[in-house]
Amino acid sequence: MKRNLKELEHRIGYTFQDFALLKKAMSHSSYVNEEHLPKYECNERLEFLGDAVLELVSSEFLFFEHPTTPEGELTKTRASMVCEPALAFCAREIELGEYLLLGKGEDATGGRKRESVTSDAMEALIGAIYVDGGFANAKEFINRFILKDLENKKLFYDSKTILQEIVQAHFKEELSYHLVGEEGPDHDKTFQVSLQIGEQVYGIGKGRTKKSAEQEAAYKTILMLHKKNIK
């Protein structure tokens, strides 16, 4: 376990002065319950703090990046940048789920890939860096792993909405998703979904939920349509 967390430090480019903070950030409530530890040893308090730091840094980023955008639009954009799917996307890029300390039941039922779990851990990690190294280090982490390549991230986690708008603008046919396969035991299924516009199949997506499989299928379809200059 300790070696894995040291590996995570290397992956994110930040070395903790208090290594126990990193362990706490990766400690899910199911692990704490199973180990009969006090409730406050799980990552929920750090998640609470990290959420506030993330909101401030993303607000500052948008304020200076879009000097003429009205408050309502900034609020809407910030919400999409730090929503659960967006943070889970960022967590996947650093394979954060692989470093989580989970209870056996949570682990067996796919907790390492569950968006609600990994997005919370991402916020807890921000909180831990803030406590350990101050605001500047937390901000550097957020800039590097969350606020980088925003357009492509939005294209992925908001792909179903974006594709719907493209199809309405450029196609007469309807967009539809079809479950074409599933594999694995009930607690650890992978779903395969095909996306059709009219009768023609475009993207095929896989995911641990039907929704995430649809999302991947939509993302692949958008990339395919972009190559054909349909945007």
Side-chain angles (χ1 to χ4, degrees), residues 47 51 54-55 57-94 96-97 110 113-123 126 142-143 145-182 189-231:
E47 176 204 333
D51 175 61
L54 176 58
E55 187 165 309
V57 173
S58 55
S59 298
E60 181 192 67
F61 172 83
L62 289 172
F63 181 84
F64 289 111
E65 208 50 34
H66 304 282
T68 60
T69 303
E71 179 268 344
E73 198 60 38
L74 290 174
T75 301
K76 186 178 170 187
T77 304
R78 183 184 63 199
S80 72
M81 282 164 53
V82 299
C83 67
E84 184 180 292
L87 292 179
F89 183 96
C90 298
R92 277 198 298 279
E93 290 193 316
I94 58 172
L96 194 62
K113 294 182 180 177
R114 192 168 291 127
E115 289 193 346
S116 58
V117 173
T118 58
S119 62
D120 287 350
M122 197 72 174
E123 289 182 330
I126 292 166
I142 291 166
N143 283 331
F145 294 105
I146 296 175
L147 300 182
K148 192 184 83 174
D149 196 20
L150 281 174
E151 279 191 30
N152 188 50
K153 284 173 181 167
K154 187 176 192 309
L155 194 64
F156 180 81
Y157 65 74
D158 207 17
S159 53
K160 290 179 72 176
T161 305
I162 293 168
L163 181 61
Q164 187 68 49
E165 290 169 358
I166 293 171
V167 170
Q168 285 172 350
H170 297 280
F171 292 84
K172 291 177 183 174
E173 300 94 337
E174 290 288 314
L175 165 65
S176 59
Y177 296 91
H178 304 271
L179 181 65
V180 293
E182 50 185 272
K189 274 196 186 302
T190 299
F191 297 92
Q192 187 168 341
V193 166
S194 75
L195 185 153
Q196 290 180 211
I197 301 174
E199 295 299 314
Q200 186 175 343
V201 175
Y202 281 78
I204 302 280
K206 282 187 175 182
R208 295 182 64 79
T209 64
K210 291 173 189 173
K211 185 180 174 184
S212 63
E214 289 173 359
Q215 181 175 277
E216 185 178 278
Y219 180 65
K220 287 181 176 178
T221 302
I222 292 169
L223 296 182
M224 190 187 303
L225 294 175
H226 277 196
K227 283 183 182 176
K228 295 179 180 178
N229 233 12
I230 301 172
K231 299 178 183 180

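Contact record, Gly207 with Ala213: N-CB, 3.6 Å, taken as the closest heavy-atom pair. Taking every heavy atom of both residues into account, Thr221 and Gly203 meet most closely at OG1-N, 3.0 Å. Contact detail for Glu84 and Ser119: the closest heavy-atom pair is CG-OG, 3.3 Å.
Checked against ring pair (Phe, Tyr, Trp, His ring centres under 6.0 Å), Tyr177 has no partners two or more places apart in sequence or in another chain. The ring pair (Phe, Tyr, Trp, His ring centres under 6.0 Å) test applied to Phe61 returns no partner, not counting sequence neighbours. Legend: residues meeting ring pair (Phe, Tyr, Trp, His ring centres under 6.0 Å) with Phe145, ordered by chain and number and at least two apart, are Phe141.
Heavy atoms of other residues, nucleotides or ligands lying less than 6.0 angstrom from NZ of Lys160 number more than 12. Heavy-atom contacts from other residues, nucleotides or ligands closer than 6.0 Å to NZ of Lys189 number more than 12.
Atom CG in Leu54 sits 5.0 Å away from atom CD1 in Ile142 (nearest 0.5 Å). Note that the CG atom of Leu150 and the CG atom of Leu62 stand 8.0 Å from one another [nearest 0.5 Å]. Here Gln164 contributes atom CD and Asp158 contributes atom CG; the two are 12.0 Å apart, rounded to the nearest 0.5 Å.
Evaluation of the side chain to side chain donor-acceptor pair (under 3.5 Å) test over residues 191-208, restricted to residues two or more places apart or in two chains, returns Asp188-Arg208.
At least one side-chain heavy atom of Ile222 sits under 4.5 Å from a side-chain heavy atom of His226. Using a 4.5 Å heavy-atom threshold, the side chains of Glu115 and Thr209 count as separate. The shortest side-chain heavy-atom distance between Leu163 and Leu195 falls under the 4.5 Å cut-off. Residues Met122 and Ile146 meet the side-chain proximity criterion, which asks for heavy atoms closer than 4.5 Å.
Within the 3.5 Å criterion, the main-chain N or O of Ala88 finds no donor-acceptor partner in the side chain of Thr118. Of the possible donor and acceptor atoms, one in the side chain of Lys220 sits under 3.5 Å from a partner among the backbone N and O of Ile204.
Remark: Lys210 does not engage Glu214 in a salt bridge, criterion side-chain N to carboxylate O under 4.0 Å.
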Under 3.5 Å, sequence neighbours excluded: what are the donor-acceptor pairs made by side chains of residues 166-176?
| residue | atom | partner | partner atom | Å |
| --- | --- | --- | --- | --- |
| His170 | NE2 | Lys231 | O | 2.8 |
| Ser176 | OG | His178 | NE2 | 2.8 |

Give every donor-acceptor pair under 3.5 Å between a side-chain atom in residues 66-79 and any protein atom, sequence neighbours left out.
| residue | atom | partner | partner atom | Å |
| --- | --- | --- | --- | --- |
| Glu71 | OE2 | Thr75 | OG1 | 3.2 |
| Thr75 | OG1 | Glu71 | O | 3.0 |
| Thr77 | OG1 | Glu73 | O | 2.9 |
| Arg78 | NH1 | Ser59 | OG | 2.7 |

